[in-house]
Engineer: 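Below is the structure I would like to discuss, written out as structure tokens.
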Amino acid sequence: AIAADAPAGGAKTAADAAASGVWVFIEQRGGHIRNVSLELVGEGRKLADELGEELAGVVIGDVVADIAREVFAAGADKVYLVEHALLKDYNTDGYTAAFTALVEKHRPSVVLLGATNDGRDLGPRVAARVKTGLTADCTGLGIDPESRLVAWTRPAFGGNIMATIFCPDRRPQMGTVRPKVFKKPQPDYGRSGALVRESVALAEADVRTRLEDVIQVCTTSCNLEDAEIIVSGGRGLGTPEGFKLIQDLADALGGTVGASRAAVDAGWKPYPHQVGQTGKTVGPKVYFACGISGAIQHLAGMQTSDVIVAINKDPDAPIFKVAHYGIVGDLYEVIPAIIARLKED
Ligand code: FAD
């Protein structure tokens, strides 16, 4: 166990002891909440109950009050809402200023953000401004029974060990958590909570970047985090054309195509398809690993899948240690046979 580094300058204050409340940054785009935020509300509920504290969602945007209902339904007691025309789209300056102001005013004890592009940008900046530490890219959360501190778990040393990290003397304790580590809670639309509107003083000059355009490089075809069925291919495909077979199996199953880093590094599939420690963390109902050996860095991104099916010609491949169903054989024979069988149904 190690202590999260905090920037120098802050000291434990009486206010730290008074810090209370578990907060979740609710990431939204166009009024739609990202799944990871709801996953964190579900897990934040457990932390808040264990600590005997309140659970709040922080919603920042422009004309986004409607999504508070979804946050309450997922388990929050309270929603802090900041609406401003300059906060319509995520931007580093505006969101950092708004979130920092809220933290300084209300002094939560725990802040959770998704380990997404926005969460990874916002979390460390807010942590630095309020002089606390942040544990990035967590894959597990809990409360240490003795110290009552949040125990943040994350892979360390290239994924070879799991480290448990504490932030003992600064508040809030902050961390980013990977998508799909926790299950999204079942919404209970009978729940409601307190909606607290907060204002933030922001001028055009405070926001140094402007979003001109959004260019969609990949649509649902590589939305791996939300996919229920994923068919992934690895170096065992031998050639980039092998992904045609992977796509055929994905199409037959209504699934999405993933890839190992070896396949991505070889240029056979673009990076948004990569599953693993330096790619996406996925948790589908079914994950097919085809021609993938099962290196620890790949497993780090998919081992929470409900059912894992491995196809590999090497019976000793490590992937078989985590697979629920293993097929030892040449994928160029096995996959066409599966597709043919699926087409019979
Ligand atoms: P290989 O390990 O080469 O495995 C190919 C497999 O295909 C073998 O098991 C072989 O038996 C099988 N095979 C060959 N031909 C056939 C056939 N015809 N039919 C059936 N099976 C066949 N990797 C990731 O995937 N994601 C990551 O995010 C990631 N991040 C990393 C981060 C770091 C810091 C490091 C150091 C590494 C990372 N890696 C990651 C790389 C990882 O260590 C492995 O190198 C990589 O996962 C191997 O990819 P692979 O399984 O496709 O290839």
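Counting convention: from 1, in listed order, for ligands and their atoms alike. Along the sequence shown, the residues carry numbers beginning at 1.
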Engineer: Examine distances only and state if a side-chain atom of Asn35 and a backbone atom of Pro179 form a donor-acceptor pair shorter than 3.5 Å.
Structural biologist: no
Engineer: Please state whether the rings of Phe25 and Tyr95 are parallel, tilted or perpendicular, taking 30° and 60° as the class boundaries.
Structural biologist: perpendicular
Engineer: Measuring from Lys269:NZ to Gln274:CD, what's the distance to the nearest 0.5 Å?
Structural biologist: 13.5 Å
Engineer: Just checking, any donor-acceptor pair under 3.5 angstrom between side chains of Thr92 and Asp121?
Structural biologist: yes
Engineer: If we check side-chain contact (heavy atoms from CB on, under 4.5 Å) with Leu249, which of these qualifies: Leu253, Asp251, Leu245?
Structural biologist: Leu253
Engineer: Enumerate the protein residues lying less than 4.0 Å from ligand 1, judged by heavy-atom distances, in chain and residue-number order.
Structural biologist: Gly234, Arg235, Gly236, Ser260, Arg261, Ala262, Gln274, Val275, Gly276, Gln277, Thr278, Gly279, Gly291, Ile292, Ser293, Ala295, Gln297, His298, Asn312, Lys313, Asp314, Gly329, Asp330, Leu331
Engineer: Between Phe243 and Trp268, what is the ring plane arrangement, given parallel below 30°, perpendicular above 60°, and tilted in between?
Structural biologist: perpendicular
